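This structure is a prediction, so every number in the text was calculated from the model and none was measured. So that the names make sense, note that chain A is the first sequence line, chain B the second, and so on, each numbered from 1.
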Amino acid sequence: MAQKTYLEAIRDGIREEMERDERVMILGEDVGAKGGVFGVTDGLQKQFGEWRVLDSPLAESCIVGVAIGAALNGMRPIAEIQFQDFIMPAVDQIISEAAKMRYRSNGDWGVPMVVRAPFGGGVHGALYHSQSIEAIFCHIPGLRVVVPSSPYDAKGMIIGALRDPDPVLYFEHKRAYRAIKGEVPDGEYTVPLDTANVVRSGDDIAVFTYGMMVHTALEAAERIAADGFECEVIDLRALRPLDRGAIVSSARKCGKVLVLQEANLAVSVASEVSAIIAEECFEHLDAPVMRLGGPEIPAMPYAPPLEHAYLITAEKVDKALRELAAY
Amino acid sequence: MAQKTYLEAIRDGIREEMERDERVMILGEDVGAKGGVFGVTDGLQKQFGEWRVLDSPLAESCIVGVAIGAALNGMRPIAEIQFQDFIMPAVDQIISEAAKMRYRSNGDWGVPMVVRAPFGGGVHGALYHSQSIEAIFCHIPGLRVVVPSSPYDAKGMIIGALRDPDPVLYFEHKRAYRAIKGEVPDGEYTVPLDTANVVRSGDDIAVFTYGMMVHTALEAAERIAADGFECEVIDLRALRPLDRGAIVSSARKCGKVLVLQEANLAVSVASEVSAIIAEECFEHLDAPVMRLGGPEIPAMPYAPPLEHAYLITAEKVDKALRELAAY
Amino acid sequence: MAVTKPDAKDEAGLDAGTLRELYRNMLRSRLLDERMWVLNRQGRAPFWISGMGHEAVQVAFGMNLRPGYDWIAPYYRDLALTLVLGMTPKDHLLSVLARADDPNSGGRQMPAHYGCHRLNIISTGSPVGTQLLHAAGLALASRMRGEDAVAFTSIGEGGTSEGDFHEALNFAATHRLAVLFVVENNGYAISVPWEKQMPTPDVADRATAYGIPGVVVDGGDAMACYRVAREATERARRGEGPTLVEAKVLRLTSHSSDDDQRRYRSLEVLEEEKQRDGVLRFRAQLEELGVLKPGDAEEMRAELVRELDRALDEAEAAPQPDPDTVLRHVYAEDR
Amino acid sequence: MAVTKPDAKDEAGLDAGTLRELYRNMLRSRLLDERMWVLNRQGRAPFWISGMGHEAVQVAFGMNLRPGYDWIAPYYRDLALTLVLGMTPKDHLLSVLARADDPNSGGRQMPAHYGCHRLNIISTGSPVGTQLLHAAGLALASRMRGEDAVAFTSIGEGGTSEGDFHEALNFAATHRLAVLFVVENNGYAISVPWEKQMPTPDVADRATAYGIPGVVVDGGDAMACYRVAREATERARRGEGPTLVEAKVLRLTSHSSDDDQRRYRSLEVLEEEKQRDGVLRFRAQLEELGVLKPGDAEEMRAELVRELDRALDEAEAAPQPDPDTVLRHVYAEDR
Ligand SMILES: Cc1ncc(C[n+]2csc(CCOP(=O)(O)OP(=O)(O)O)c2C)c(N)n1
Ligand SMILES: Cc1ncc(C[n+]2csc(CCOP(=O)(O)OP(=O)(O)O)c2C)c(N)n1
Ligand SMILES: [Mg+2]
Ligand SMILES: [Mg+2]
């Protein structure tokens, strides 16, 4: 098995699936000659031509609306949104159309489309190139929302998403692209779009998280392990639907819970995880369910001292874990 | 004090504030001669003229984007969205622009705008005239989100919203318009945009809810009171920011909690209320925090048997309360 | 077969059979539409939104499309179009009565939210304007597979104020996709007259922005509509790209059964519009041409009413949706 | 004062003082812009996005607007415009270095996200296209108060594909609002050439759709830009409604400091464009006209560089934002 970056793993998954399935195509801003602003689609236009890797106009509703139409007519489009922050003009097409097509047609029409977008901060991207805005889609029945944290999952989940008959939002942490490396099998495999993944076992504190925060959580878990506390780190991976069973089982086992995310906390994925635990683990908890997330400000500012004040570092996680441990 | 409908109370508040403050104006589809599809703005164009009550083109991003510009240039616009379901094309202007204007300008620019929209189901409105989609805005720092449940609050909160220096989303339950009547004082008064309201006192079970569900909760509370269980019913009213103090205090007092809403549950206001309680009331709870909300389907279907299957009735609430009581 | 009176003003060069079919399709839709209103006023159907006054252009396009091969992204006034393509009065009566077998949505959506998989009519939601981008995507997929299918989509003039209108025209024109953009301009978006929606009276003017043909046609002139539809469809099928067609139509009813247009339109104008009804005009024209002989129209109507009565009986006998199905079809069941 | 050589090709009928000011403003922006790149390449500024090649049209409009009275909803390439209106090189150096006193955003936004309350320059975010609707709203408010202020807004040709472009033009034209819509067409949206963005080369064609004047101007011809800006501004101020101005400009740099345009554009074209640089062209023109005497341009440059050096020293000495302020200004503090 080869060692690959998160970015390469996504690209490999897309390329292989495009080779296997003629229906797969990409539509988005700068996806062609430039290969996307991060290089995820680098080389794909050369390999598959200008139609299958189509540089779209600067219009997100167009990207997603056209992808929906193409999906209804037999294609398997990837709609690439340049930054998750800029998905907003496409929200109507995603929430009103793609998410409701199957239900409103009583099962007659489906939208097998993947919307890809990079999210997250810590790259001096300021207010509009740092957001983690996945929560609003996690509220919407009819959508699937996934966030891989490892190269292995990145490839397996993009292939899984492309084979799924329903609309999947596939969000990529932009800091992971080059920073995260790992083993990636050659050839095809899929990772399910609805299961969480226990990436570290432990029975003192369960840490539920996703995206780059998985790596931060692991780092913090090692620190506190030095003092004899063993964290179980659960990579949620599938944000909609959440893997309720996995959440309940780790929470019950540990009795103490930290829900961790980079996104704003109010009405978020962390709220839902917390609510599920409050519903189902009442008799097993040894401490309040703790949440740690982005501060309640619109997004990450540009100036390094301000950006740093937003970011959730291993120190902050470590501190939270020690508080829980001491409860 | 006069007895008024919820709809009349909203209109009175708007009219009076327009009489007092020249900067207040309304922009939206059919708000003029027709007075809006529900009649909320009936008569206002006649009184205030075609500019201050302006029939917009059928374009929601336009309605909100223009309102933002007008607000930056000294006006106090109301952007009316015909149905909350159709707010989606305006999400970019609301979330990317209005919500972030103050923060991104370091406090230099603010957007004193009110976005009004009717929400909720039970009126044979089917998938796109029944939605309760407020959760996605409750996730967004920089916005205020309010939902009055009584005519008194409806008037006081619309005046409060129009005087607030920040963007306020003011959602009206369309079933309340004519069904809910109550005392409404003449003349000006405001209801704060960040406090909950205990509409029934009790110490057995705390029911947190908003909108039409407040009335359903009160009905269910009376039923179970017959069997000696006293519910405290808290009308959340302010959905962003939530009144954390009021939530924690009622939850601690009662020890049992039902969070009730018409909206879908996953990643919603109910999730957040539940998470707050899980965080802050650990030592005071006598049962798991229970949530009751819309089923996980995209929206309310049209056919009466299907619509009824979605709706949360007093029977369903009663059943949930008895389950909690028995815990 | 040539038109019976070739010296008469049959500009479209249509044979008598085609002309009769055009008329019959218009009348069939009109009768069903009227029945829907009756059901609503009788309290048997909570909602209806009408296509009355819009029929000619829809029928004209419908007769030029290939059902089940071409793609359709319609809007809620396109009753006549769906009938031409092969949906039946019963299908729509099942919908207005919200029955389980409604092929549009199984009673899940409001009536007039059309959709039929067999006929490539994609499912329509309520948000105005989104369908135009779907049509561009439908055409893109056909084009990528080298097929000569065209994608028809329609919208009211009000809906052309939405951003999606611009994005769809821009994309389809940039790639010369086979999309027929048909604007059914009835001058009103619910109560808002066109002057408050847009700066010029003709939506077709906007074709210039996209370097494509823009055509204004009298939507009450069935033959003119037919000619325009044929030209636009053939052009698209030849791979020459989209056309923007604007039909000036009449909204012969209130916006919907929930609206009362007397609040915002004068009675004189409403009366006057009734006189300009395209169904009446076309009948008179065909009688003048001799395509319809005395008694033909009445016979046609009687036959269509019989079809309708039968359809209504069947629809009323059909079962309502089972409440247990409410949770189905959120995600694919055969994944 | 008339132009020094009135027989020369001064089509705009401008006096020498105005011409010198035009040139000085362009040069001032160019020098600051070049310095920003230097700071970026030195690793002292993580990001810059340039206006080089776009200056003439911005300066032309800036000189025709009334700072602090008219309203401005700019986009990220409008460095030159903001300087003409009264922002200073120091203001923007504070921004590129993300200092607390940056008047644009206090170091919260990326550089080139302009905003200045004192000058009625509204705060700009990153989402492309939204500002056009703000401009319509700004103009609506002025109009409702009976003021003759105009609202200037600008965008790249790529951004005109967004739905908000259409919605803004449509609204402003319907109500004849005093909005100046300026498209700075440099032929690229990052790497996407105009042919993949739109069906016709001229965005100004779209004015027809809205029944307003559309003007194409060579954005490298400062005098032509000035004339067009003056006409459009006066027209708007007289209450005659919006104008759509398209300036054909050059993007003399990569999209931003994060981009390398050699990946998608040929070196010959890039070389050739450098020769067409409007700042060079205008200097030659003014020298020919005798408006700039030998040595004038060098002297001007030297003075501007001194201003710039001073500004940079001051900006670098300015404090970074206090991390404790990160939570401020989500909601009004004086409610
Ligand atoms: C996005 C959106 N906004 C608002 C509505 C409510 N609405 C339904 S139809 C309509 C008017 C449509 O007018 P027009 O496009 O001219 O079509 P017509 O009904 O006249 O045929 C409005 C405002 C909607 N369905 N979708
Ligand atoms: C809504 C949105 N989508 C995507 C982007 C990312 N983006 C920033 S600038 C740009 C290209 C803009 O091109 P154009 O409008 O021609 O302006 P130019 O940079 O050429 O002056 C893109 C795609 C964005 N900022 N906002
Ligand atoms: Mg209309
Ligand atoms: Mg450009």
Side-chain angles (χ1 to χ4, degrees), chain A residues 60-61 85-86 88-96 99-100 102-104 126-128 133 135-142 239-242 257 259 263-283 285 287-291 295-299 301 327, chain B residues 60-61 85-96 99-100 102-104 126-128 133 135-142 239-242 257 259 263-283 285 287-291 295-299 301:
Chain A
E60 289 75 12
S61 189
D85 318 57
F86 303 134
M88 296 300 162
V91 156
D92 189 35
Q93 288 285 355
I94 296 171
I95 293 184
S96 303
K100 295 181 176 56
R102 189 179 298 283
Y103 192 79
R104 81 186 186 203
L127 269 76
Y128 295 98
I133 194 70
I136 67 174
F137 301 105
C138 297
H139 178 57
I140 307 297
L239 304 189
R240 177 173 188 99
L242 281 164
V257 171
V259 194
N264 298 121
L265 281 179
V267 189
S268 69
V269 173
S271 319
E272 181 63 24
V273 172
S274 192
I276 289 171
I277 294 168
E279 251 156 28
E280 307 226 12
C281 311
F282 179 67
E283 290 169 10
L285 289 181
V289 180
M290 187 185 270
R291 289 184 294 166
E296 284 294 297
I297 61 178
Y327 189 89
Chain B
E60 289 74 13
S61 189
D85 317 59
F86 304 134
I87 204 167
M88 296 300 162
V91 157
D92 190 35
Q93 288 286 354
I94 296 171
I95 293 184
S96 302
K100 295 179 176 58
R102 189 179 298 283
Y103 192 80
R104 81 185 185 203
L127 269 76
Y128 296 98
I133 194 71
I136 67 174
F137 301 106
C138 296
H139 178 56
I140 307 297
L239 303 189
R240 175 170 191 101
L242 282 164
V257 171
V259 195
N264 298 120
L265 281 179
V267 189
S268 69
V269 173
S271 319
E272 182 62 24
V273 172
S274 191
I276 289 172
I277 294 168
E279 253 158 26
E280 306 226 12
C281 310
F282 177 67
E283 289 168 10
L285 289 181
V289 181
M290 189 186 269
R291 290 183 291 167
E296 285 293 299
I297 61 177

Chain A interface, residue from [options] that has the most non-hydrogen pairs under 4.5 Å:
options                        : result
B/E283, B/H139, B/R102, B/R104 : B/H139
B/M290, B/R240, B/Q93, B/E280  : B/R240
B/A99, B/S274, B/A287          : B/A287

Under a 4.5 Å heavy-atom cutoff, which of A/S271, A/C138, A/P295, A/C281 has the most pairs with chain B?
A/S271
When heavy-atom pairs shorter than 4.5 Å are enumerated against chain B, which of A/V257, A/L285, A/V269 gives the highest number?
A/L285
I want to check something: taking the side chain as every heavy atom from C-beta on, are B/I94 and A/M88 in contact at a cut-off of under 4.5 Å?
no
What I'd like to find out is whether the side chain of B/F86 reaches to under 4.5 Å of the side chain of A/S96, using heavy atoms alone.
no
Contact class of A/L265 relative to chain B, heavy atoms under 4.5 angstrom
backbone
Can you tell me which portion of A/E60 sits under 4.5 Å from chain B's heavy atoms? Options are side chain, backbone, both or neither.
neither
Checking side chain to side chain contact (heavy atoms under 4.5 Å, CB included) for the pair A/I140/B/N264: CA distance, chi angles, key distance, verdict?
CA-CA 8 Å; A/I140 307 297; B/N264 298 120; over 6 Å; no
Heavy atoms only: give me the nearest B/Y103-A/A299 pair and the separation to one decimal.
CE2-O, 3.8 Å
Testing the basics here: between A/P298 and B/P141, what is the closest heavy-atom pair and its distance to 0.1 Å?
N-CB, 3.8 Å
Checking A/P288 now: which residues fulfil side chain to side chain contact (heavy atoms under 4.5 Å, CB included) with it, not counting sequence neighbours?
A/Y327, B/F282
With sequence neighbours left out, write down each residue that passes salt bridge (charged side-chain N to carboxylate O under 4.0 Å, His left out) with A/R291, or none if nothing qualifies.
B/E272, B/E279
CD1 of B/I136 to CD1 of A/I95: how many Å apart, nearest 0.5 Å?
4.5 Å
